[in-house]
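All remarks here apply to the structure that follows.
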Amino acid sequence: MPELPDVEGFRRVLTRHAAGKRITEVTTLDAGVLRGVTGRRLRDTLTGRRFGEPRRLGKWLIAPVVDRPETVVLHFGMTGSLRWETGDRERHDRVIFAFDDGELRYRDMRKLQGLRLAADDAELDRLLADTGPDALAVGQDRFRELLGRRRQLKPLLTDQSVLGGLGNLLVDEILWRARLNPHTPAADLDRAAADALYREMRAVLRAAVQAERVPPRKSWLTGRRDEPSGSCPRCGATLEHGRAGGRGTVWCPRCQPG
DNA sequence: CGGCGTGTTCAGAA
DNA sequence: CTTCTGAACACGCC
């Protein structure tokens, strides 16, 4: 699931329910999601303290700890999520942050990513150094510069070191709306096409962030991609299923000619 | 049993 | 150096 809009949703969960409240207990149910930190150190650092206002860079969720140099950094891989709950825990809950009035739960089935604890701002900066500008914060001029390479649009836009936040589904959706073929070399776009791509990226992200996910609506390409011979919501042509940059890719052969 | 996946990383090749 | 491919990680579902 998690692409930029999902992580933005997790950020809101943390802000709304947990930030500023005293952490009463930290329980690691599966240390397989801990990256470079032990359950004990996580617990010792956080117990009795509070999360500050969390921020997001691309698909990273960054949660500072009030009056401490450490920062909790979360990545959700392909199946992770962050929940505020009070009921029974579920099988894939891996780390629990307990508060007086509920629990913040890091849940992740596949454990492809996990939680880190940056010791200080320098370590945090190193951790985030490989991530490009956030897809929702990048300006139009900077975005246009990013496109000045021969690389295909699909793998370029999903590359987190180029642009942070876009994943497989979002990029297919954005390229479909911009009527651009996923295999087109980015440098082939003229200025007008690049600016149009930027506008569609903003529009898709705005709608998805509002929904806190990539909307599986029928009017979106995303709503059709699972149907083997799904049709383009715009022109009705049978959608093409292939690969670009090694990832499953869906596009409309009529709207997005190669 | 084999294949696949809304993610990242690394090795190796062109 | 840039770009691309395939494999690996871990788990559930077809």
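Here is how names work: the chains are called A, B, and so on, in the same order as the sequence lines, proteins then strands, and each is numbered from 1.
The residue Arg243(A) sits close only to the backbone: its heavy atoms come under 4.0 Å of sugar-phosphate atoms, none of a base.
Taking the centre and axis of the six-membered ring of Trp60(A), the NZ or CZ atom of Arg55(A) falls outside the cone set by 45° and 6.0 Å.
For the atom pair CZ of Arg50(A) and NZ of Lys21(A), the computed distance is 11.0 Å after rounding to the nearest 0.5 Å.
Phosphate contact (OP1/OP2 of dT8(B), side-chain N/O of His75(A), threshold under 4.0 Å): present. Within the 4.0 Å cut-off from OP1 or OP2 of dG7(B), not a single side-chain nitrogen or oxygen of Lys111(A) is found. Side-chain N/O atoms of His92(A) include one lying less than 4.0 angstrom from OP1 or OP2 on dG12(C).
Leu127(A) places its CG atom 13 Å from the P atom of dT8(B), with the value rounded to the nearest Å.
With dT3(C), dT8(B), dC4(C) as the choices, the nucleotide that has an atom nearest any side-chain atom of Pro155(A) turns out to be dC4(C).
Straight-line distance between the P atoms of dT5(C) and dC4(B): roughly 16 Å, to the nearest whole Å. The P atoms of dG6(C) and dG3(B) are separated by 14 Å, rounded to the nearest whole Å.
Of all non-hydrogen atoms in Val72(A) and Phe51(A), the two that sit nearest each other are CG2-CE2, 3.8 Å.
A 6.0 Å sphere centred on CG of Asp67(A) holds no more than 12 heavy atoms belonging to other residues, nucleotides or ligands.
Base pairing of dG12(B): its partner is dC4(C), meeting the Watson-Crick or G-U wobble criterion (both donor-acceptor distances under 3.5 Å).
Toward the 5' end of DNA chain B, the nearer of the two residues Asp6(A) and Asp130(A), judged by each one's closest nucleotide, is Asp6(A).
With hydrogens and angles ignored, no donor-acceptor pair under 3.5 angstrom links the side chain of Arg247(A) to the base of dG5(B).
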